[in-house]
Amino acid sequence: MSTVAAAEKLPFFLRGNYAPVTDEQTVTTLRVEGAIPRALRGRYLRNGPNPRLDPKHAAPPHWFFGDGMLHGLAVEDGRALWYRNRWVRTRQFTERLRMVGPDGQRNLTAGPGNTNVIRHAGRTLALAETSLPWEVTGDLETIGNYDFGGRLTTGMTAHPKVCPVTGELHFFDYNWFAPYVTYHCANAAGELVRSIPIEVPGPTMMHDFAITDRHVLIMDLPVVFDLERAMRGAMPYRWDESHGARVGVMKRGDDSGAMQWFDVKPCYVFHPMNACEIDGRIVVEVARYPELWREGSDRFDLASLHRWEFDLPGGSVAETALDDRPIEFPRIDDRLCGSPYRYGYAVRNLSSTKDDATSLLKYDLRTGASLEHDFGPGRYPGEAVFAPDPSTREEDAGWLMSYVYDAATDRSDFVILDAQSFTAPPVAVVHLPCRIPFGFHGNWMAD
Ligand SMILES: [Fe+2]
């Protein structure tokens with residue numbers, strides 16, 4: 001069999017720029033085009049699957065399960081100080097410990113650690129839902145599992161929310177055994193102060209959630225846990241419309257776990273853009289899939305930007321399609337998490353082949369307008385993270401950061417756009433001597 005034919009038999013996540021890199025590097029001499037804003041001082045960290053492949057480490061069954069690798073870029077005084085990449089040393093990585101034990105229960109210290117990386121209360125945490133976080137240093141070395149001093153006894157979503165008003169870290173866990181969902185809150189000092197089981201009809205895949213300044217929103221959507229699929233090592237979730245689709249709204253600070261549930265049209269949402277409260281309504285923008293992972297089909301329509309409005313006193317829901325272009329990885333200025341906001345950013349997907357997104361979008365949710373920054377043929381951006389200009393509170397005063405893969409050179413760039421001049425050429429491009437595989441989420445961590 002030719003090499004090309006063999007490559008075509010590989011699953012998509014082992015081909016092209018989904019394929020893992022094999023080296024951990026530290027690079028301190030970096031070529032920069034343009035000018036890195038001097039107001040930026042800190043590091044951009046991003047996580048993603050990068051399965052370690054060798055005779056002892058077989059390929060994972062799905063893109064979502066590959067060993068996590070962090071990619072970091074540090075800037076200071078207008079200079080790019082370093083790029084480095086490090087695997088997250090989970091017990092899946094070091095010992096090949098399986099996430100699910102022989103009793104069917106999760107091992108919270110295993111898991112890939114591959115989905116996001118955040119900072120809260122002075123700790124940097126690599127996250128993958130279903131397991132505990134892994135604490136890492138600012139230089140991306142793994143310290144070990146972090147369980148909030150023994151208080152966290154469940155997994156932790158990869159999408160916790162830092163309330164910009166209180167500094168609290170809100171998050172949840174979902175499990176295939178009851179309690180299927182547990183909501184958690186850590187205070188600004190990083191102490192876990194609240195863990196509340198949430199009643200739902202059964203186990204579903206619950207990737208992300210949303211908060212407002214007064215409420216927590218949980219999405220109970222019809223991608224259900226399937227034990228038979230789990231037992232044969234496949235993706236253990238599938239579409240089941242009979243589960244129904246609902247969004248639960250819980251008061252922040254209420255220890256009862258009481259939810260007000262709103263039925264929505266069946267769909268799946270990996271990622272909300274943001275939620276806020278306006279005149280007694282909760283308004284949420286989401287990247288909404290019409291369905292996901294129907295049994296026997298691996299094809300599905302991509303997500304597009306929708307708005308849900310939940311009328312708390314009246315109990316009604318309104319759903320509006322805001323755009324018909326496929327998107328993913330919605331982000332905002334995180335200083336407005338849970339508050340009224342105007343601007344959102346997303347990666348535009350061009351088709352269901354998933355890997356040909358060459359544009360970022362900037363949505364003006366007040367006017368309905370949007371702008372597109374196209375990096376050109378063969379140049380693929382990942383999630384764009386907003387780094388605010390620390391000298392102002394103006395919402396879009398700052399920069400967007402992303403790793404952009406260039407297929408022609410098989411290398412990646414770290415690209416900085418001025419968020420207020422979104423369609424203009426980048427203000428700075430840091431050329432990396434390697435490629436960064438397509439991955440998931442990251443954050444800007446200012447010093
Ligand atoms: Fe995600």
Side-chain angles (χ1 to χ4, degrees), residues 13 18 44-50 60 62-71 88 90 99 111-120 125-134 155-162 169-174 181 184 204-211 216-221 223 235-237 247 267-275 284-289 292-293 300 302-306 326-332 334 337 344-349 354-355 357 360-361 380-386 401-403 436-444:
F13 59 89
Y18 287 92
Y44 166 66
L45 306 186
R46 200 219 68 189
N47 205 343
N50 194 90
H62 193 279
W63 186 39
F64 288 3
F65 299 147
D67 304 301
M69 179 176 273
L70 298 168
H71 299 265
V88 183
T90 71
M99 194 169 67
N114 67 10
T115 312
N116 199 356
V117 55
I118 65 155
R119 191 170 61 179
H120 183 253
L125 303 175
L127 300 168
E129 61 208 51
T130 75
S131 51
L132 290 170
W134 282 268
M156 179 171 180
T157 177
H159 287 287
K161 307 286 180 252
V162 179
L169 186 73
H170 296 261
F171 59 99
F172 69 95
D173 170 59
Y174 71 96
V181 183
H184 300 279
T204 62
M205 183 174 74
M206 208 172 272
H207 180 70
D208 197 349
F209 76 130
I211 63 168
V216 174
L217 279 73
I218 298 284
M219 297 183 290
D220 183 29
L221 303 174
V223 173
M235 166 56 73
Y237 294 95
V247 175
C267 65
Y268 195 73
V269 171
F270 282 103
H271 304 118
M273 182 174 268
N274 195 18
V284 194
E285 279 80 23
V286 297
R288 178 190 183 277
Y289 294 80
L292 186 73
W293 299 341
F300 51 87
L302 296 176
S304 58
L305 191 65
H306 282 62
I327 59 154
E328 250 304 350
F329 299 125
R331 292 296 299 253
I332 58 161
D334 288 326
C337 176
Y345 310 92
V347 177
R348 178 175 179 181
N349 284 337
K354 295 195 290 190
D355 56 355
L360 296 174
L361 294 170
Y380 306 107
E383 177 188 59
V385 168
F386 181 79
M401 301 175 167
S402 184
Y403 293 127
I436 296 180
F438 297 132
F440 298 135
H441 307 285
N443 285 288
W444 166 246

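Below, each value reflects all heavy atoms present in this structure, side chains not excepted, and no hydrogens, waters or symmetry copies. Just so you know, these numbers come straight off a predicted model, no measurement behind them. Order of appearance sets the numbers: ligands from 1, and atoms from 1 within every ligand.
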Value for CE (M273) from NE2 (H306), rounded to nearest 0.5 Å, stands at 13.0 Å
*asked:* Pair R331, E383 - check salt bridge (charged side-chain N to carboxylate O under 4.0 Å, His left out), show working.
replied: CA-CA 8 Å; R331 292 296 299 253; E383 177 188 59; 3.1 Å; yes
Going by the angle between their ring planes, with limits at 30° and 60°, are H207 and H271 parallel, tilted or perpendicular?
perpendicular
Applying side chain to side chain donor-acceptor pair (under 3.5 Å) to Y174 and not counting sequence neighbours gives E129
Sorted by chain and number, protein N/O/S atoms nearer to the Fe ion (ligand 1) than 2.8 Å are H159 NE2, H207 NE2, H271 NE2, H441 NE2
query: Is there a donor-acceptor pair under 3.5 Å between the side chain of Y268 and the backbone N or O of M205?
result: yes
From the list L221, L292, V247, D208, side-chain contact (heavy atoms from CB on, under 4.5 Å) with V269 holds only for L221
